[in-house]
Amino acid sequence: MQILIRVCGVVGLILSAIPFQFKRHKHIVLCKMASSLSFSAQYFLLGPVAYTGAWMDLISALRNFLFYKFVDKKLSTLPVILVFTALVLWLGISSWEGWISLLAIIPKILTTVSYGMKNERTLRLLTLPSCLFWVSYNCIVGSWEAALGDLLTLASISIAIYKFDIRENRRIKAESER
């Protein structure tokens, strides 16, 4: 069982660091969907102490798929944001394991808002704080791969912000000044 727990975590870890190196919204949310499914399986296997995280990631996978579809069809993501924020709160309360559950609920609400943003820069910036909550949660419940994945995600988002936002803006500004 421990091997399966770790395999799910390693797969989730790999898939959690990659998405922010993509420039397009659909690639980011689809890769995060796969990562969420893997981590959800790991949390369920870790047992009751991690059930809040398991439910949060399971609904995140569905949420990310819906964001992909809504953005692809140029529809407003606000209904998805509202429904999944309510769902996160309901599942968080129903699987409540004490204050530790807040470390899963708060970042899931943050990413529900951020992944619903069509602007990739806003998505990256709003996702940063959620990683810090998840690092804490994952260390407490013993999901070391997920904690490492969140640290790698922080690094990946930072690199993407530099690459796609800061450097690209400098290049555009330099070209316009010519």
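- Counting only heavy atoms from C-beta outward, the side chains of H25 and F67 approach each other to under 4.5 Å.
- Closest heavy-atom contact between F70 and S76: CD2-O, 3.0 Å.
- Judged by distance alone, the side chain of T85 and the main-chain N or O of I109 form no donor-acceptor pair under 3.5 Å.
- I3 CD1: 12 or fewer foreign heavy atoms inside a 6.0 Å radius.
- Of all heavy-atom pairs between G116 and T77, the closest is O-OG1, 2.6 Å.
- Look at E120 and K23 and you find no salt bridge, because none of the NZ, NE, NH1 or NH2 atoms lies under 4.0 Å from a carboxylate O.
- Within 6.0 Å of CH2 on W96 lie more than 12 heavy atoms contributed by other residues, nucleotides or ligands.
- Between T52 and S101 the shortest heavy-atom distance is OG1-OG, 3.2 Å.
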**Request:** Apply side-chain contact (heavy atoms from CB on, under 4.5 Å) to L154 and D150, showing your working.
**Result:** CA-CA 6 Å; L154 279 169; D150 288 318; 6.0 Å; no

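- A distance-only check finds no donor-acceptor pair linking the side chain of S16 to the backbone of S35 [under 3.5 Å].
- Contact detail for K108 and W134: the closest heavy-atom pair is CE-CZ2, 3.5 Å.
- Although no hydrogens or angles enter the test, the distance criterion places no donor-acceptor pair under 3.5 Å between the side chain of S143 and the main chain of N138.
- Here the side chains of K26 and V71 are not in contact, with every heavy-atom distance at 4.5 Å or above.
- With hydrogens and angles left out, the side-chain atoms of K32 and S60 include no donor and acceptor closer than 3.5 Å.
- At a threshold of 4.5 Å between non-hydrogen side-chain atoms, the residues L123 and F20 count as touching.
- For the pair T111 (side chain) and P107 (backbone), a donor-acceptor distance under 3.5 Å is present.
- Here the side chains of L13 and L152 are in contact, with some heavy-atom distance below 4.5 Å.
- Under the 30°/60° scheme for interplanar angles, the aromatic rings of Y137 and Y43 are found to stand perpendicular.
- Within the 4.5 Å cutoff, side-chain heavy atoms of L89 are placed close to those of I105.
- Under 3.5 Å, the side chains of S114 and T127 contain a donor-acceptor pair of N or O atoms.
- In this structure, the side chains of L91 and L58 stay at 4.5 Å or more apart for every pair of heavy atoms.
- Nearest heavy atoms, C8 versus Q42: CB-CB, 3.8 Å.
- The number of heavy atoms from other shown groups lying within 6.0 Å of CZ (R6) is above 12.
- Ring planes of Y51 and F44: tilted class, angle from 30 to 60°.
- Residues Y68 and M33 are not in side-chain contact: their nearest non-hydrogen atoms beyond the backbone lie 4.5 Å or more apart.
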